[in-house]
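What follows is one structure encoded as structure tokens, with my remarks underneath.
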Amino acid sequence: MMEADLAARNLSILVADDEPVNRKIIQRLLKHCGLTCDLVEDGFECVSKAMAEDYDLILMDIDMPGMGGIEAARELQKLRGATTPKIIAVTAHVSVAQKEACDQAGFDGFIPKPVKLETLTQVLKESLFDTDTAVQPSPLENAR
């Protein structure tokens with residue numbers, strides 16, 4: 001089961017979202033997966049917290065006052081370089097342009113709001129386990 005796989009990783013997760021309800025929803029979904037998280041309200045707090053602690057993953061809203069998610073992701077990559085944690089965009093603005101902006105900013109995944117458990121676990125799996133969603137050939141097919 002995916003939730004057990006995630007819980008076994010003992011991940012350090014930071015959630016950045018300006019809306020308290022959204023933070024609480026993500027926190028509860030992560031708890032359902034056996035995970036805990038730290039919570040921050042904006043991009044400035046996210047960068048500060050991510051510089052002070054080593055997180056495996058950041059779930060970041062795109063539209064936050066002050067410093068938004070794209071700016072915060074770029075700042076983290078500039079400051080941390082290769083040690084930047086995986087960053088997943090969490091946004092209600094689901095469009096090709098928004099997805100491309102997130103890709104260009106170096107996000108490792110994209111979750112549309114409202115966040116659903118199935119989507120969250122799938123994106124976490126893809127981002128953290130470096131899995132490919134394409135169908136993989138069976139070992140028997142490779143032996144031919």
Side-chain angles (χ1 to χ4, degrees), residues 1-139 141:
M1 174 177 272
M2 177 51 56
E3 289 86 359
D5 293 341
L6 290 171
R9 293 282 306 261
N10 195 27
L11 301 169
S12 179
I13 300 173
L14 179 62
V15 174
D17 198 306
D18 59 312
E19 290 293 327
V21 171
N22 291 337
R23 288 192 306 270
K24 190 57 88 177
I25 288 170
I26 294 171
Q27 184 179 38
R28 286 185 179 159
L29 291 173
L30 290 169
K31 185 176 181 180
H32 180 80
C33 296
L35 300 168
T36 60
C37 63
D38 291 332
L39 305 171
V40 294
E41 296 180 14
D42 61 39
F44 291 112
E45 282 186 83
C46 180
V47 171
S48 176
K49 192 95 165 145
M51 292 303 296
E53 298 183 37
D54 285 327
Y55 289 98
D56 299 301
L57 176 74
I58 299 172
L59 295 169
M60 185 152 25
D61 185 21
I62 298 303
D63 286 326
M64 296 182 285
M67 180 187 288
I70 288 177
E71 187 180 353
R74 287 185 175 137
E75 185 69 11
L76 280 170
Q77 290 164 354
K78 182 173 81 175
L79 295 170
R80 299 219 27 184
T83 64
T84 302
K86 300 276 186 174
I87 305 174
I88 307 296
V90 183
T91 182
H93 304 288
V94 182
S95 68
V96 172
Q98 184 69 65
K99 177 102 172 60
E100 287 175 359
C102 290
D103 289 344
Q104 290 173 0
F107 281 83
D108 298 288
F110 188 87
I111 298 175
K113 289 180 183 175
V115 178
K116 296 180 181 170
L117 180 62
E118 299 80 23
T119 306
L120 177 65
T121 56
Q122 182 64 33
V123 171
L124 291 177
K125 176 181 137 185
E126 291 169 3
S127 299
L128 297 168
F129 299 132
D130 293 323
T131 59
D132 186 355
T133 55
V135 175
Q136 298 295 316
S138 75
E141 291 175 350

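Being a predicted model, the structure only gives us computed values, none of them experimental.
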Shortest non-hydrogen contact from [X] to [Y]?
| X | Y | result |
| --- | --- | --- |
| Phe107 | Gly69 | CZ-O, 3.5 Å |
| Met64 | Glu41 | SD-O, 4.0 Å |
| Ile62 | Ala89 | CD1-CB, 3.6 Å |
| Ala105 | Gln77 | O-OE1, 3.0 Å |

Practice task
Apply the test side-chain contact (heavy atoms from CB on, under 4.5 Å) to residues Thr121 and Lys125: give CA-CA distance (whole Å), side-chain angles for both, the deciding distance (0.1 Å), then the verdict.
Solution key: CA-CA 6 Å; Thr121 56; Lys125 176 181 137 185; over 6 Å; no

Please check if the side chain of [X] supplies one atom and the backbone of [Y] the other of a donor-acceptor pair under 3.5 Å.
| X | Y | value |
| --- | --- | --- |
| Glu71 | Met67 | no |
| Glu45 | Ala16 | no |
| Ser127 | Leu124 | no |

Measuring from atom [atom1] of [X] to atom [atom2] of [Y], what distance do you get when rounded to the nearest 0.5 angstrom?
| X | Y | atom1 | atom2 | value |
| --- | --- | --- | --- | --- |
| Cys33 | Leu117 | SG | CG | 5.0 Å |
| Gln98 | Asp103 | CD | CG | 10.5 Å |
| Met60 | Cys46 | CE | SG | 4.0 Å |
| Leu35 | Leu57 | CG | CG | 9.0 Å |
| Lys86 | Ile13 | NZ | CD1 | 13.5 Å |
| Tyr55 | Lys49 | OH | NZ | 4.0 Å |

Looking at [Y] and [X], is there a salt bridge between them, counting it only when a charged N and a carboxylate O are closer than 4.0 Å?
| X | Y | result |
| --- | --- | --- |
| Asp54 | Arg80 | yes |
| Asp17 | Lys113 | yes |
| Lys78 | Glu75 | yes |

Problem - For Val123, the option from Ile111, Val90, Asp108, Leu59 that meets side chain to side chain contact (heavy atoms under 4.5 Å, CB included) - result: Ile111

Fill in the blank from the handout: With Ile58 as partner, the option from Val15, Leu76, Val40 fulfilling side chain to side chain contact (heavy atoms under 4.5 Å, CB included) is Leu76

Practice task
Check whether any side-chain heavy atom of Asp38 sits under 4.5 Å from a side-chain heavy atom of Glu53, and report yes or no.
Solution key: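 Counting from C-beta outward, Asp38 and Glu53 do come under 4.5 Å.
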
Practice task
List in chain and number order the residues that pass salt bridge (charged side-chain N to carboxylate O under 4.0 Å, His left out) with Asp56, two or more places apart in sequence or in another chain; answer none if no residue qualifies.
Solution key: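 With neighbours one apart ignored, the set is empty.
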
Practice task
Indicate whether any N or O donor in one side chain lies under 3.5 Å from an N or O acceptor in the other, for Gln122 and Glu126.
Solution key: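 Indeed, the side chains of Gln122 and Glu126 share at least one donor-acceptor pair under 3.5 Å.
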
Practice task
Verify side-chain contact (heavy atoms from CB on, under 4.5 Å) between Asp61 and Asn22, making sure each step is shown before the conclusion.
Solution key: CA-CA 9 Å; Asp61 185 21; Asn22 291 337; 5.6 Å; no

Practice task
Evaluate whether atom CZ of Arg28 has more than 12 neighbouring non-hydrogen atoms of other residues, nucleotides or ligands under 6.0 angstrom away.
Solution key: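 12 or below, so no.
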
